[in-house]
Amino acid sequence: MCAMQKNTTPCYYSEYLDLTRFLDAQNPVSGQYQEEEAHDEMLFIIVHQAYELWFKQILHELRSIIDIFNEDSVDEKYHGKIIQRLDRIIKIQKVLNDQITILETMTPLDFLDFRDYLIPASGFQSIQFKEIEILLGLTMKYRINFDKKSFYNRLNDKDRKYLLNLEEQPNLFNLIESWLERMPFLERKNFSFVQAYQSALDQMVTRDLEIVKHVDYLSEDEREFQINDLKNTRAGFDALFEQKVYDKLQSEGKLRMSRKSILGAIFINLYRDEPAFQQPYHILKKLTEVDELFTQWRHRHTVMVHRMIGAKIGTGGSSGHDYLSKTTQNNRFFRELFNLSTYLIPRSELPQLPEELERDMGFSV
Ligand code: HEM
């Protein structure tokens with residue numbers, strides 16, 4: 001590696017940051033149509049531009065993470081970098097969520113001073129936002145019905161082609177799924193995690209059932225209710241152990257991630273104290289945080305939109321607040337990682353790993 005060279009031309013703050021172009025890029029349109037420019041339009045532009053800048057940084061981090069995962073195997077030595085970059089995305093998301101409060105200093109009446117000049121532009125056309133969604137794994141198939149086609153119809157040809165092409169590229173959801181599927185410790189010659197875990201679950205539910213059957217503080221109605229509840233819990237676990245049950249749920253759209261990768265994620269979560277699993281566990285944890293903060297942003301934006309335009313339709317032609325509420329509910333990335341908690345059992349009930357497996361828990365997948 002060659003040593004870093006000394007800079008030959010002196011660097012100047014405003015040139016380095018290209019501030020002439022950058023600060024010349026806030027151009028309110030209201031002044032073109034009415035005598036006086038709407039005061040709050042500047043804030044509206046700057047807040048959106050600040051978002052787009054941070055989207056650019058998120059994409060920069062996200063693409064580098066995708067590049068690391070988009071290999072046949074991911075060496076452990078990259079785990080730290082992945083965690084650090086996911087963490088950076090998370091910190092940016094927190095700023096993005098807070099930023100909504102600045103825009104909320106604009107009142108609905110102030111917004112009406114320029115809103116109509118924006119039609120038909122809309123957040124739908126934020127290509128970087130859609131790019132982040134697609135790269136995280138929210139491809140067309142998984143969007144709500146209105147969202148599937150409508151936003152594509154509102155884009156120019158170049159942007160539409162660009163995003164449609166991106167839909168075909170590797171996304172983080174698919175790459176994480178294959179990474180989890182490659183988890184090497186699930187099945188060993190003398191140890192099957194799936195079997196050991198299934199019997200630990202069985203024992204736990206059977207023991208709970210015995211308690212419910214025999215305690216004297218439950219009325220007969222309550223006892224029956226609890227017994228049914230436990231049986232339902234057990235039935236819910238079946239999908240994990242029986243491919244057919246799993247396939248049915250997947251075909252009904254209730255599950256997306258493969259059974260094998262969910263088992264891998266459960267294994268990592270249960271044995272996260274093992275040195276080899278500490279970082280994979282943090283990767284999964286950070287991914288749930290990214291999803292959670294995205295969902296929080298959608299919710300904050302939806303409520304702000306409700307306050308700003310009530311039940312009016314959006315400038316992009318959606319049902320506005322109503323459409324956005326549905327995307328908040330539906331447009332998630334790593335739902336299965338949240339549902340994992342259903343399948344966790346207390347540390348004290350965990351099947352003991354064979355010694356040889358514990359020793360081997362330094363790995364590269
Ligand atoms: C006065 C403030 C705002 C209002 C009234 C508003 C309104 C809306 C509405 C009604 C939609 C649904 C699509 C449509 O019919 O147009 C939408 C979508 C969107 N807005 Fe906003 N918005 C505001 C501020 C922002 C800000 C500051 C951002 C930051 C980038 C933003 C980003 C988006 C994005 C990315 C979408 C697409 C969401 C999706 O399809 O899931 N909006 N907005």
Side-chain angles (χ1 to χ4, degrees), residues 25-26 28-30 38-59 62 89 92-155 159-160 163 166-167 291 293-333:
Q26 295 70 40
V29 293
S30 53
H39 177 84
D40 283 8
E41 194 182 351
M42 181 60 89
L43 176 75
F44 187 80
I45 293 174
I46 287 186
V47 168
H48 278 82
Q49 286 183 339
Y51 268 102
E52 291 292 336
L53 262 188
W54 283 124
F55 290 163
K56 186 167 182 173
Q57 186 66 37
I58 291 180
L59 283 167
L62 202 51
I89 293 177
I92 295 173
Q93 285 183 288
K94 289 185 177 167
V95 170
L96 294 186
N97 290 359
D98 263 2
Q99 218 164 254
I100 287 197
T101 57
I102 306 179
L103 197 55
E104 278 176 339
T105 60
M106 174 174 80
T107 68
L109 206 59
D110 296 331
F111 185 39
L112 281 182
D113 283 345
F114 62 95
R115 178 183 191 245
D116 283 357
Y117 305 134
L118 310 181
I119 295 171
S122 155
F124 266 154
Q125 296 162 338
S126 169
I127 301 306
Q128 292 201 103
F129 181 86
K130 293 292 166 187
E131 220 172 327
I132 296 172
E133 286 186 329
I134 294 170
L135 286 184
L136 282 172
L138 189 71
T139 46
M140 202 173 332
K141 184 174 168 201
Y142 300 99
R143 294 184 183 279
I144 61 169
N145 281 336
F146 183 83
D147 193 19
K148 266 181 195 154
K149 295 242 165 59
S150 303
F151 92 81
Y152 274 110
N153 291 340
R154 281 158 181 80
L155 302 182
D159 288 345
R160 189 179 315 117
L163 288 185
L166 204 67
E167 297 246 350
D291 191 326
L293 285 162
F294 224 99
T295 308
Q296 276 175 16
W297 183 82
R298 288 189 202 277
H299 179 67
R300 289 286 283 114
H301 172 255
T302 305
V303 176
M304 189 247 316
V305 169
H306 195 186
R307 171 175 169 178
M308 220 48 106
I309 64 171
K312 293 189 180 112
I313 60 163
T315 48
S318 78
S319 58
H321 160 255
D322 183 55
Y323 158 75
L324 293 167
S325 301
K326 288 189 182 120
T327 62
T328 308
Q329 191 68 26
N330 176 80
N331 287 355
R332 304 286 298 273
F333 307 103

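Order of appearance sets the numbers: ligands from 1, and atoms from 1 within every ligand. Heads up: numbering here begins at 1 and tracks the sequence. For clarity, every value in this text was computed on a predicted model and none was experimentally measured.
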Do side-chain atoms of [X] reach the backbone of [Y] as a donor and acceptor pair under 3.5 angstrom?
X      : Y      : value
Ser30  : Ala38  : yes
His301 : Trp297 : no
Glu167 : Met140 : yes
Glu104 : Arg307 : no
Thr328 : Leu324 : yes
Tyr142 : Asn331 : no

Hey, is [X] one of the residues with a heavy atom under 4.0 angstrom from ligand 1?
X      : answer
Lys130 : yes
His321 : no
Glu52  : no
Met304 : yes

Contact (N/O only, under 3.5 Å) between [X] and ligand 1:
X      : value
Ser126 : no
Met106 : no
Asn331 : no

Protein heavy atom at shortest distance from [atom]:
atom                    : value
atom 10 (C) of ligand 1 : Gly314 CA, 3.5 Å
atom 6 (C) of ligand 1  : Val305 CG2, 3.5 Å
atom 41 (O) of ligand 1 : Arg298 NH1, 3.5 Å
atom 32 (C) of ligand 1 : Trp297 CH2, 3.6 Å
atom 15 (O) of ligand 1 : Ser318 OG, 2.7 Å

Below 6.0 angstrom between ring centroids: does that apply to Phe124 and Tyr323?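 Phe124 vs Tyr323: aromatic centres under 6.0 Å.
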Is [X] touching ligand 1 with its side chain, its backbone, both, or neither, if touching means heavy atoms under 4.0 Å apart?
X      : result
His301 : side chain
His48  : side chain
Leu324 : side chain

Taking the side chain as every heavy atom from C-beta outward, state whether Asp40 and Phe111 have any atom pair closer than 4.5 Å.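 Of all side-chain heavy-atom pairs linking Phe111 with Asp40, none is under 4.5 Å.
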Are Asp98 and Lys94 close enough for a salt bridge, meaning some N to O gap below 4.0 Å?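 No, Asp98 and Lys94 are not salt-bridged.
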At less than 4.0 angstrom from any non-hydrogen atom of [X], what atoms of ligand 1 do you find?
X      : answer
Leu103 : 2 (C), 24 (C), 27 (C)
Met308 : 1 (C)
Ser122 : 13 (C), 14 (C), 16 (O)
Gly123 : 19 (C), 20 (N), 33 (C), 34 (C), 35 (C), 36 (C), 37 (C)
Gly320 : 10 (C)
Thr315 : 16 (O)
Phe44  : 1 (C), 2 (C)

To which of Trp54, Phe55, Phe111 does the heavy atom nearest atom 5 (C) of ligand 1 belong?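 Looking at heavy atoms only, Phe111 sits closest to atom 5 (C) of ligand 1.
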Quick one: which of Tyr51, Phe129, Tyr323, Phe124 has a heavy atom closest to atom 30 (C) of ligand 1?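 Among Tyr51, Phe129, Tyr323, Phe124, the closest heavy atom to atom 30 (C) of ligand 1 comes from Tyr51.
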Shortest non-hydrogen contact from Arg143 to Lys130?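 Heavy-atom minimum between the residues: NH1-NZ, 3.7 Å.
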Would you name the heavy atoms of Leu166 and Ile134 that are closest together and state the gap between them?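 Nearest heavy atoms, Leu166 then Ile134: O-CG2, 3.8 Å.
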Does a side chain donor of either Thr315 or Ser122 reach within less than 3.5 Å of an acceptor in the other side chain?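 No donor-acceptor contact under 3.5 Å links the two side chains.
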For Asp322 and Ser325, does a side-chain donor sit closer than 3.5 Å to a side-chain acceptor?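 No, no side-chain donor-acceptor pair sits under 3.5 Å.
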On the 0 to 90° scale, with breaks at 30° and 60°, tag the Phe55-Phe129 ring pair as parallel, tilted or perpendicular.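 It falls in the tilted class, 30° to 60°.
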